[in-house]
Amino acid sequence: MERTYWTVNDIDIKDASIIGKLFLIAKDIAKEKNIDQDGYRLVMNCNEYGGQSVYHIHLHLIGGRRLSWPPG
């Protein structure tokens, strides 16, 4: 049976390999876009107050410029 992942709250330890693959793919995309050496940020929003507007698990890969802290 396929699971549905609406938010980070829907994952558990059994999903570690899936979540790990998201980060590995993001790393590969950062390299492909030539932002891996300068740096980038990976963000997972969770629920409305966390800024989530699309309800499925995904990462935001942010880079190509100097990022400040704290975000948002």
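In what follows, every heavy atom counts, from backbone to side chain, and hydrogens, waters and symmetry copies are set aside.
When all heavy atoms are compared, the tightest approach of Glu48 to Tyr55 is N-OH, 3.2 Å. The minimum heavy-atom distance linking Asn9 with Asn47 is given by the pair ND2-ND2, 3.3 Å.
Remark: Lys14 engages Asp12 in a salt bridge (charged side-chain N to carboxylate O under 4.0 Å, His left out) (not counting sequence neighbours). With sequence neighbours excluded, the residues satisfying side chain to side chain donor-acceptor pair (under 3.5 Å) with Tyr5 are Asp15. With sequence neighbours left out, Ile29 forms a side chain to side chain contact (heavy atoms under 4.5 Å, CB included) with Ile25, Lys33, Leu61.
Taking the side chain as every heavy atom from C-beta outward, Ile57 and Trp6 never approach each other to under 4.5 Å. Two residues are said to be in side-chain contact when any heavy atoms from C-beta on lie closer than 4.5 Å; Ile62 and Val43 meet this criterion. Within the 4.5 Å cutoff, the side chain of Lys27 has heavy atoms near those of the Tyr40 side chain.
Looking only at distances, a side-chain donor or acceptor of His58 sits under 3.5 Å from a matching main-chain atom of His56. For the pair Arg41 (side chain) and His60 (backbone), a donor-acceptor distance under 3.5 Å is absent. Under the 3.5 Å distance criterion, the side-chain polar atoms of Asp38 are left unmatched by any main-chain donor or acceptor of Ile35.
Linking Ile, Leu, Val, Met, Phe, Trp and Tyr whenever their side-chain heavy atoms come within less than 4.5 Å puts Leu42 and Ile11 in one cluster.
Atom-to-atom distance recorded for Asn45:CG and Leu59:CG is 10.0 Å, nearest 0.5 angstrom.
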